[in-house]
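Taking it in order: structure first as structure tokens, then the write-up.
For the numbers below, each heavy atom of this structure counts, side chains included, while hydrogens, waters and symmetry mates do not.
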Amino acid sequence: MVDESSIGQSKAKCVCAFLQELNDAVKAKFIEEYPEALIETRPWFFSQFTLVVATQLVEEWIVKLDNICRNANVILVVARSYGLTGLVRISLKEHTVIESKPDHFLDDLRLNNPWPELRRFAETIDLNASDPVAHKHTPYVVILVKMAEEWAKSHGGSLPSGREEKKAFKDLLKAKMIAMDEDNYKEAIEASFKVFAPRGISSDLKQIVDDSCAEVDSNSSDFWILVAALKEFIVNEGGGEAPMEGSIPDMTSSTEHYVNLQNIYQAKAEADFKIIEERARNILKKIGRDPNSISKTTIKSFCKNARKLRVCRYRSLADEFNSPIVPELQKNLTDEDFSVAVGFYLLLRAVDRFAANYNSFPGQFDGGIDEDISRLKTTAVSLLSDLGCNGLTLSEDLINEMCRFGAAELHVVAAFIGGIASQEVIKLITRQFVPMSGTFVFNGIDHKSQLLSL
């Protein structure tokens with residue numbers, strides 16, 4: 001981001017100008033001041049931002065900045081690149097996600113708990129139709145709803161459970177096939193596990209609706225007001241279920257059946273949305289807020305994603321540094337898979353202590369490397385002792401490597417760490433996808449990335 005004309009100029013000024021060229025829509029500003037001076041003399045400066053990215057700061061200043069950002073409800077993303085290692089850590093009190101977009105999630109088809117309209121539609125279709133074309137184009141949703149009902153009638157109202165019963169249910173589906181090329185029945189057999197899924201909401205969603213934040217007041221965020229409405233819905237109109245999402249996957253079906261089925265799911269989703277909207281407006285009114293302060297679009301998105309809500313809470317850096325989860329730390333130190341990552345994490349903290357004591361980082365200057373190795377080892381042992389990990393040691397090789405790095409910032413490692421940090425920033429700003437929890441450590445020696453819960 002600099003060229004020959006930049007020599008002798010302010011780095012902030014040059015980098016800002018070159019960065020601005022990447023995107024005209026972005027307004028970039030620069031401040032010629034050390035971050036430490038800003039943190040110390042103008043803490044209020046940081047409260048004007050939504051999110052602050054802090055790079056290459058030592059522990060003392062990161063902790064101070066974290067306290068400032070937390071008090072101002074500003075998101076902090078910490079990024080550090082040091083030789084062949086680096087870390088990224090997010091810090092804020094709470095981050096709520098409606099559009100978590102998980103990679104794998106069970107369709108909301110309610111095959112194990114069909115509502116009256118779906119049941120009535122299924123009743124209009126005869127699975128024993130003699131017409132082979134009609135038989136081949138009955139959607140698998142209808143097949144499973146009818147077969148599950150048939151099973152429940154002969155099993156005291158219970159759906160298949162246990163390996164034997166599940167196998168018997170699949171055999172029943174196979175027996176209904178009248179030709180080998182009936183893709184709809186093959187789809188029904190493949191999707192039969194959706195009938196076996198437990199009814200009601202997941203344990204993750206239960207944890208959110210039972211959270212103390214769901215007891216809302218005038219200071220509650222829109223997210224928690226919608227959770228309070230969702231909680232009321234689950235207990236009352238939902239019959240223990242979350243609102244319907246309203247979409248169905250592709251399946252082998254006649255166009256008429258598929259469109260009818262789609263309409264039934266969409267109508268249920270719309271009805272559920274209206275109930276939750278009304279409940280949310282009533283809650284807003286009750287706590288003295290404008291009943292229309294949450295948009296229809298937001299409520300609709302909340303209902304569509306209700307089963308996938310996520311709440312992320314992060315410990316403060318001061319808590320992590322001063323009161324780590326000792327069993328987790330000890331377990332990672334003795335685990336072959338995690339020992340290098342946690343070793344780098346602890347040594348990054350040790351080099352900051354080293355710098356505070358000796359006014360330079362280990363190995364930063366030529367000569368005296370052996371002495372720096374010895375000093376860093378002593379510092380690391382002292383840090384482990386302070387963290388409650390007496391008797392545990394860090395690898396000699398890692399300590400030697402940290403001194404060999406000499407606090408150098410390698411462009412390839414910095415680019416990788418910057419990429420990870422920027423990806424997390426996008427998740428946090430857009431409130432889409434789930435940002436990482438814990439401390440991300442990159443081990444450039446083994447090309448490994450790991451998340452530590454500390």
Side-chain angles (χ1 to χ4, degrees), residues 35-36 38-39 42-80 86-102 204 207-208 211-228 294 298 301-302 305 308-325 328 345 348-349 417-442 449-454:
E36 294 86 350
L38 270 178
I39 293 165
R42 289 196 279 156
W44 46 264
F45 168 81
F46 299 97
S47 61
Q48 65 185 299
F49 303 105
T50 309
L51 182 144
V52 170
V53 182
T55 64
Q56 305 303 78
L57 286 181
V58 297
E59 187 172 309
E60 177 193 353
W61 295 105
I62 280 293
V63 170
K64 286 181 179 176
L65 180 59
D66 185 38
N67 289 336
I68 292 165
C69 289
R70 277 181 173 253
N71 289 334
N73 278 324
V74 172
I75 304 165
L76 176 66
V77 177
V78 177
R80 182 105 184 249
L87 62 76
V88 177
R89 163 76 147 82
I90 296 165
S91 183
L92 72 156
K93 289 175 188 170
E94 178 183 274
H95 180 71
T96 53
V97 188
I98 292 174
E99 293 182 60
S100 65
K101 304 186 186 219
D204 286 349
Q207 211 174 339
I208 292 172
D211 195 289
S212 59
C213 290
E215 305 297 324
V216 294
D217 57 32
S218 57
N219 298 316
S220 296
S221 68
D222 291 356
F223 177 87
W224 287 111
I225 285 161
L226 291 173
V227 169
I294 305 178
T298 304
S301 172
F302 181 88
N305 295 286
K308 305 165 193 166
L309 303 175
R310 290 294 294 270
V311 175
C312 309
R313 292 187 175 120
Y314 300 85
R315 297 179 80 203
S316 72
L317 288 167
D319 279 353
E320 181 184 310
F321 291 158
N322 301 325
S323 315
I325 304 162
E328 193 69 27
Y345 165 81
L348 281 168
R349 294 190 56 194
I417 294 293
I420 297 291
S422 56
Q423 181 178 283
E424 295 307 309
V425 166
I426 291 166
K427 290 181 194 172
L428 290 158
I429 295 292
T430 60
R431 289 187 177 269
Q432 292 186 2
F433 298 96
V434 182
M436 63 189 180
S437 57
T439 303
F440 170 91
V441 178
F442 173 62
S449 300
Q450 285 168 309
L451 265 179
L452 303 175
S453 301
L454 303 163

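Contacts of Asp211 classified as side-chain hydrogen bond (donor to acceptor under 3.5 Å, both in side chains), with partners at least two apart in sequence or in another chain: Arg313. With sequence neighbours excluded, the residues that form a side-chain hydrogen bond (donor to acceptor under 3.5 Å, both in side chains) with Arg349 are Glu59. Partners of Glu99 by salt bridge (Lys or Arg N to Asp or Glu O under 4.0 Å), not counting sequence neighbours, listed by chain and number: Lys101.
Minimum heavy-atom separation, Arg315 to Pro324: NH1-CA, 3.9 Å. Closest heavy-atom contact between Pro102 and Lys308: CD-CD, 3.9 Å. The two residues Leu428 and His95 come nearest to each other via the heavy atoms O-CE1, 3.4 Å. The minimum heavy-atom distance between Leu76 and Asp66, with the atom names listed, is CD2-CA, 3.7 Å. Of all the heavy atoms in Ile225 and Ser220, the pair that sits closest is CD1-O, 3.8 Å. When every heavy atom of Ala318 is checked against every heavy atom of Val63, the shortest pair comes out as CB-CG1, 3.9 Å.
Using a 4.5 Å heavy-atom threshold, the side chains of Ile39 and Leu57 count as touching. The shortest distance between side-chain heavy atoms of Pro435 and Val97 falls below 4.5 Å. Taking 4.5 Å as the limit, some side-chain heavy atom of Arg431 sits within range of a side-chain heavy atom of Thr96. Phe46 is listed as a side-chain neighbour of Val52, based on a closest heavy-atom distance under 4.5 Å. Between Arg89 and Tyr314, some side-chain heavy-atom pair lies under the 4.5 Å cut-off.
Note on ring orientation: taking the six-membered ring where Trp is involved, the planes of Phe302 and Phe223 are perpendicular (angle over 60°, cut-offs 30° and 60°).
Rounding to the nearest 0.5 angstrom, the gap separating the CZ atom in Phe433 from the CZ atom in Arg310 is 13.0 Å. Atom CD1 of Ile98 and atom CG of Leu226 lie 6.0 Å apart (nearest 0.5 Å). Rounded to the nearest 0.5 angstrom, Leu309 CG and Ile208 CD1 are separated by 5.0 Å. The distance from atom OG1 of Thr298 to atom CG of Asp222, rounded to the nearest 0.5 Å, is 7.0 Å. Atom SG of Cys312 sits about 8.0 Å away from atom CD1 of Ile90, to the nearest 0.5 Å. Note that the CG atom of Leu317 and the CG atom of Asn322 stand 10.0 Å from one another [nearest 0.5 Å].
Glu424 contributes a side-chain N or O that, together with a main-chain N or O of Met436, makes up a donor-acceptor pair within less than 3.5 Å. A distance-only check finds no donor-acceptor pair linking the side chain of Arg70 to the backbone of Ser91 [under 3.5 Å]. Side-chain atoms of Gln423 never come within 3.5 Å of backbone atoms of Ile420 as a donor-acceptor pair (strictly under, hydrogens ignored).
More than 12 heavy atoms of other residues, nucleotides or ligands sit less than 6.0 Å from atom CD of Gln432.
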Problem - Full working for side chain to side chain contact (heavy atoms under 4.5 Å, CB included) between Glu94 and Val311 - result: CA-CA 7 Å; Glu94 178 183 274; Val311 175; 4.1 Å; yes
